[in-house]
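For ligands, and for the atoms within them, numbers begin at 1 and follow the listed sequence.
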Amino acid sequence: MIDIGCHLSISDGYAAMGRECLAMGGNTFAFFTRNPRGGQAKTPDPSDVAALNAFLREHHFGKLVAHAPYTMNLCSDKERARECAEECFREDLAKMEQLPGNYFNFHPGNSLKQDREACMERIVQVLNTYIRPDQSTVVLLETMAGKGTEIGKTFEELRAILDRIEPDKREKAGVCFDTCHVWDAGYDIVHDLDGVLSEFDRTVGLDKLMAVHLNDSKNGCGSHKDRHEKLGQGCIGEAALHRVVCHPALAGRPFILETPNDRDGYVREIAQVKAWQKA
Ligand code: FE
Ligand code: FE
Ligand code: ZN
């Protein structure tokens, strides 16, 4: 059975997300580790977190894919913003250990007016500082659309970061493959999914591909726009997304919907993906 779910709001707490996910037909989900626009993180209520952990076990959930706030830029050109981002990364990664064995996904960063290579080095430094070899959380760098100065728009950039993680910490880092982002970045998953996945395998290694963000895109391949669309209503289209869901190289990964939907829309897409997978 496929692990599928969508992005959920943490506003009613942790256990509520588990119940909501199950009610929607899912068995994995994503949530922001704090307000996506930045700001103070709430300290999780330990009994609420324990209730979610028990619920996930009881209902055989797949791994969750928590998302760091979009504002967290580990390679900002402003010292204050960089320090905040680092603090956020440290705190939220530590918080994830209360939900053992899941994923903590983040956007690698924006280089702004700085040298991209120096920015990647900066990201590597943060990862090497805060990843512990004995942690249960695996940190995921998201494949990016290449909007503005985003780092991570090519598989090579992701590899360049992962390669410089200290050997004893390497298995605690991987990649989250976002279908809208890779398409917008110029990887043609519509006409050559096999080719794109082989290229990923040659560059980064498919064993590093831990999770999938399943989104259609409002724009064409290589547009660098990063505007998500509902499954089957964008430029990637239903047939290609169906092939992604069923591709043997991606089997066993959690698939997370980040499509512009209300609750009913997500319920329909979750059912749709499960039907594709069975067909
Ligand atoms: Fe993301
Ligand atoms: Fe994404
Ligand atoms: Zn996006």
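- Taking the N/O/S atoms of Glu142 in turn, the shortest distance to the Fe ion (ligand 1) belongs to OE1.
- Counting heavy atoms from C-beta outward, Lys218 and Lys225 have side chains that stay 4.5 Å or more apart.
- Looking at Asp226, its N, O or S atom nearest to the Zn ion (ligand 3) turns out to be OD1.
- Aromatic pair Phe32/His7: centroids less than 6.0 angstrom apart.
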Could you walk me through whether Glu150 and Lys147 pass the salt bridge (charged side-chain N to carboxylate O under 4.0 Å, His left out) check? CA-CA 6 Å; Glu150 284 171 344; Lys147 183 174 151 193; 5.7 Å; no
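- Counting heavy atoms from C-beta on, the side chains of Thr259 and Tyr266 come closer than 4.5 Å.
- No close placement of the Phe200 and Tyr187 rings is indicated, their centers lying 6.0 Å or farther apart.
- Around the Fe ion (ligand 1), the angle linking His67 (NE2) with His107 (NE2) is 90°, rounded to 10 degrees.
- Within the 4.5 Å cutoff, side-chain heavy atoms of Phe31 are placed close to those of Tyr14.
- Among the backbone and side-chain atoms of Cys180, none of the N, O or S atoms lies under 2.8 Å from the Zn ion (ligand 3).
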Residues His213, Val65; criterion side-chain contact (heavy atoms from CB on, under 4.5 Å); working and verdict: CA-CA 9 Å; His213 282 170; Val65 190; 4.3 Å; yes
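- Its N, O or S atom nearest to the Zn ion (ligand 3) is what matters here, and for His181 that atom is NE2.
- Of all N, O or S atoms in Glu258, the one lying closest to the Fe ion (ligand 2) is OE1.
- Restricting Asp178 to its N, O or S atoms, the one at the least distance from the Fe ion (ligand 2) is OD2.
- Metal site remark for the Fe ion (ligand 2): His213 contributes an N, O or S atom at a distance under 2.8 Å.
- Because the distance cut-off is set at 2.8 Å, His228 qualifies as a neighbour of the Zn ion (ligand 3) through one of its N, O or S atoms.
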